[in-house]
Amino acid sequence: MGTPGLKADCETILGRFQETDSVRFEEFAAIWKDMKFSHIYFGGMRNLEMSKFAREALSVASHYFLPPYTFQIRVGALYLLYGLYNSQLCQPKQKIRVALKDWDDIEKFYQDLIGAQHLDAAYIMRQLRLSRAFHFTGMAEFLTFRSQRNQPRHVGREEFKDVRDRVQDLVTSETLEEMLNIHEHYQKTKCLISADKSQPDRSLSLVKEDYVPNLKQLLSEHVTWKLEKGKPRTKNDDEKEENEEEKEATSQESEKESSERAKTLARIKSKCYGAVTQAPKSRRHRQVLMASSESSSDCGGKNTQKSKRKRRVPRKTGTLKGAKLGKLTKKASQSKKNMPTIPEEDSTSSSSEDNFVPKRTRKN
Amino acid sequence: MDENIPVYEVTDANTRLIHLGSFGDLWRERLQSCDLTLAADAGPIQDNSYVAQDLGCTEETAAELRLICGVDALKCSENEEEDLENIPEDSSLLTLGIRKKIIDRRKETLIVERACRQETFLHELEFHAVGKRPEDAADMVDEGELVLTLNIVYPVIFRKHKEYKPYQTMLVLGSQKLTELKDAINCVSDMQIGGEFSNNPDLAPENICKDLFKSAFFYFEGVFYNDTRYPECRDISRTTIEWAESRNRGYGKFQSTKMEDYTFNDLRLKIGFPYLYCHQGDCEHIITITDIRLIHHEDCLDKTLYPLPIKRHWFWTRKCSVCSMYTARWVTVNDDLAPDDPCFFCDVCFRMLHYDTDGNKLGEFLAHPYVDPGIFN
């Protein structure tokens, strides 16, 4: 039931504040004035509507005041709350709702502000608290057990988020070292209790020998992947990709009717198939494998099938010239080399595409 | 983390079980007196010296901060005469653009430009007690008191309420007893008058169901809280408890206890979870605690006004079939004189139509007193 545009406006002002690369209140106030943000309450709303709107505005802004957003965005959100709270036109003023579970974060944030000598932000935080602008609540939202349905969840902008790596939080170099030690100790103990003192008994080999190095390698892989992903996509990149896609599309006559939507779908799919998720321990015997062009021809063939399906090739491809088809498949298998295959489950391809699929696999 | 810090059990639906009293304690130990105070004025704590002390800076810096970070820094236009009603043309805000469109469209179609009656009433109800302070200082709400927001759903089963369940909203204090809430819940089934009075309508008794059948219970987390304040109260939860125990129905063992012995602070509840209030034997209201918070100095601070209704659904009233003006007070069945069966009448029309000047009954009919759901409007 949200007011349309409100969230976008808040994100715009926070985005502009983020661009300044500063946490000074003067910067924020300048943007605020430039956008004439306090006019957001204008338009002759009556009391009931006005208080509802003010509540909503404060609730939208307060999301950005809490983790997982970056420090700068949180400061921006604090200023935004300050502005929205003080410029609201209802009497008495609507309050900012704070949940008990979030209070410790806020308290810590305030200490950080003082510690880092961001006195303007700390002053404003103190000012809000002293003017008793907060409602200290159980939960930030009213929980009505769905008497009002389809309330969308808050989804914040990704750029504002503090990119915290859970994997790195979990496995630090210390824990790795610790694990290595434990593992060595474990091996030694096993050696001690087994018949042959130099090597542990075979019945005792319950964990993988190279467990720690493996973990380390996985971690470093993850870090590189993270770096790749974290690289800001420039507009240029996007355009280049678009051009390539277009070229592809035009080179394939059969894809004439592939709409814009299909293309974006394909792009999204290729993106998510590009990364393979680690199967949980209980399912590690069914680890998803990344199929590449180097894999066996059988696998590659299936691969092409799949990618073909993704690209929504209509049935009439059968009428195409053989040479062209060959080229086409080759191209497809190259461009989509990151398709995963799950070996056990892939044995039966869907029968509906059988009428044109075998042809192509043979060509391959 | 403390178990009494509410976190979602089901996301966006309800929290885990918390003890309300301990929840209040957790907040109070985290806050300072300046957060909790109910005084109208915050006092000298705004002074530069206090600012300097709190932020660990000099007084000059504090004065400078006050200058830079004052609310005035966010004023968008210099002139005081801002036009609050109209949306400025040059606005870059998306919200305003959309609102402008809506207003323009409304202006084209609207004939009378004013708040609708229901909106006015809703607003009045919501804000009638806001900011009220007690005349007697003894009635002042304590600092750091918990305020619960309860949604109490009406037990209507009309077809038109299939999608939207009407409810009333009340504010209750944590230190109040469950019985205080019970006495504050208005429901038409408490107002009913049983019986047939066509022979002499003046004899219709004054006492309503509320006075005759006082039993009621709340059901929270496996416990029935029965009202046993009066000798005529019965344990109406017994039927349910026995039913659950008679065969192994998988509900575990329900407990029952006395409603008057418990305040809300004593309860362990889930915020947002639907519970039950049952009275008059089978009139069942779903109760949801939608919010718990600490009291604020701008809330109603008069203890005696709680439980405080702040929202109520507006029911259509059934009008008299004769005058179509007054709310129905009587309903007749098997009525020779009426166009409908059953048929509704206000008191005046009912007597005028069905009795001669001496009060003798005319024609054959059965008459029952009728209580309209809209009488609380």
Side-chain angles (χ1 to χ4, degrees), chain A residues 3-6 8-9 12 25-26 29 32-33 35-48 51 82-83 86-87 89 92-93 95 97 99-101 103-104 107 114 117 119-120 122-124 126-127 129-132 134-139 141-147 151 153, chain B residues 5-7 12-15 23 26-27 30-31 34-35 42 45-46 51 54-57 61 65 68-69 71 73-74 76 84-88 91-100 103 115 119 122-123 126 130-131 149 151 165 167 271-274 288 290-294 296-298:
Chain A
T3 313
L6 180 59
D9 281 335
T12 314
F25 182 68
E26 295 117 293
W32 173 281
K33 274 190 229 166
M35 288 178 76
K36 296 207 169 65
F37 213 85
S38 48
H39 290 182
I40 204 156
Y41 292 111
F42 285 15
M45 285 185 283
R46 281 185 284 268
N47 287 337
L48 207 61
S51 50
Y82 182 64
N86 283 307
S87 56
L89 304 169
K93 286 194 164 98
K95 303 292 178 293
R97 292 172 59 84
L100 179 56
K101 66 179 162 60
W103 184 252
D104 291 345
E107 196 71 62
I114 293 181
Q117 289 288 303
L119 290 180
D120 45 357
Y123 175 82
I124 279 167
R126 182 180 177 277
Q127 208 57 27
R129 241 177 114 169
L130 283 184
S131 55
R132 287 170 285 185
F134 294 107
H135 265 165
F136 303 107
T137 66
M139 288 313 245
E141 287 94 24
F142 278 79
L143 303 179
T144 52
F145 213 74
R146 309 216 192 119
S147 66
Q151 268 192 347
R153 269 190 80 61
Chain B
I5 296 179
V7 285
D12 286 341
N14 63 274
T15 66
F23 165 78
L26 285 174
W27 257 130
R30 279 168 170 72
L31 298 175
C34 65
D35 297 313
I45 202 140
Q46 300 279 16
V51 175
D54 280 3
L55 302 182
C57 61
T61 326
L65 279 175
I68 297 170
C69 302
V71 182
L74 295 172
C76 288
L84 303 180
E85 295 297 313
N86 292 318
I87 294 169
S91 177
S92 61
L93 295 171
L94 221 55
T95 316
L96 281 183
I98 294 167
R99 188 180 301 147
K100 195 169 170 58
I103 290 175
E119 189 188 321
L122 270 178
H123 176 255
E126 189 172 340
V130 168
T149 313
N151 276 2
K165 302 280 179 264
Y167 60 88
I271 309 173
F273 198 77
T288 319
T290 55
D291 184 36
I292 306 181
R293 62 178 171 84
L294 298 187
H296 189 274
H297 78 110
E298 282 175 358

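Computed from a prediction, not measured in an experiment: that's the story for all the values here. Side chains included, hydrogens not; waters and symmetry mates left out as well; all remaining heavy atoms used. Convention: sequence-line order gives letters A, B, ...; per-chain numbering from 1.
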Take K36(A) and L93(B), measure what side chain to side chain contact (heavy atoms under 4.5 Å, CB included) needs, and give me the verdict at the end.
CA-CA 8 Å; K36(A) 296 207 169 65; L93(B) 295 171; 5.7 Å; no
Check against side chain to side chain contact (heavy atoms under 4.5 Å, CB included), R97(A) and D291(B):
CA-CA 11 Å; R97(A) 292 172 59 84; D291(B) 184 36; 2.7 Å; yes
CA sep, side-chain torsions, deciding dist, call: D120(A), I68(B), side chain to side chain contact (heavy atoms under 4.5 Å, CB included)
CA-CA 8 Å; D120(A) 45 357; I68(B) 297 170; 5.7 Å; no
Go through the steps for R99(B) and M45(A) under the test side chain to side chain contact (heavy atoms under 4.5 Å, CB included), then give the verdict.
CA-CA 10 Å; R99(B) 188 180 301 147; M45(A) 285 185 283; 3.6 Å; yes
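Rounding to the nearest 0.5 Å gives a distance of 14.0 Å between NE2 of H135(A) and CD1 of I292(B). In this structure, CG in D54(B) is found 4.0 Å from CZ in R126(A), a value given to the nearest 0.5 Å. Distance check, rounded to the nearest 0.5 Å: CZ of R129(A) to CG of L31(B) gives 6.0 Å. To the nearest 0.5 Å, atoms OG1 (T144(A)) and CG (N14(B)) are separated by 11.5 Å. Here Y41(A) contributes atom OH and T95(B) contributes atom OG1; the two are 10.5 Å apart, rounded to the nearest 0.5 Å. Here the NZ atom belonging to K101(A) is positioned 14.5 Å from the CG atom belonging to L26(B), to the nearest 0.5 angstrom.
Here the side chains of K95(A) and E298(B) are in contact, with some heavy-atom distance below 4.5 Å. In this structure the side chain of V71(B) reaches within 4.5 angstrom of the side chain of Y82(A), judged on heavy atoms. Counting heavy atoms from C-beta on, the side chains of F134(A) and D35(B) never come closer than 4.5 Å.
Heavy atoms of T12(A) lying under 4.5 Å from chain B are absent altogether. Residue contact with chain B, scored on non-hydrogen atoms closer than 4.5 Å, involves the side chain of F25(A) exclusively. For a residue to count as touching a neighbouring chain, one of its non-hydrogen atoms must lie under 4.5 Å from one of that chain's; by this rule H123(B) touches chain A with backbone and side chain alike. Heavy-atom distances place both the backbone and the side chain of L48(A) under 4.5 Å from chain B. Using a 4.5 Å cut-off between heavy atoms, I114(A) touches chain B through its side chain atoms alone.
Applying the side-chain contact (heavy atoms from CB on, under 4.5 Å) test between P6(B) and each of L143(A), L100(A), T137(A) identifies L100(A) as the sole match.
A8(A) and L94(B) get closest at one heavy-atom pair: CB-CD2, 3.5 Å.
Taking T290(B), L122(B), L294(B) one by one and counting their heavy-atom pairs under 4.5 Å with chain A, the maximum is reached by T290(B). Chain A forms the most heavy-atom pairs under 4.5 Å with one residue out of I103(B), I98(B), L65(B), T15(B), and that residue is L65(B). Between chain A and the residues P274(B), G56(B), G131(B), C57(B), the largest count of heavy-atom pairs under 4.5 Å involves P274(B).
Remark: the backbone N or O of R132(A) is paired with a side-chain donor or acceptor of H296(B) at under 3.5 angstrom.
For E107(A) and R30(B), the salt-bridge test fails: no basic side-chain N is under 4.0 Å from an acidic carboxylate O.
Residues satisfying the ring-ring contact (aromatic ring centres under 6.0 Å, His included) criterion with F37(A), sequence neighbours excluded, are W32(A). Checked against salt bridge (Lys or Arg N to Asp or Glu O under 4.0 Å), K93(A) has no partners two or more places apart in sequence or in another chain.
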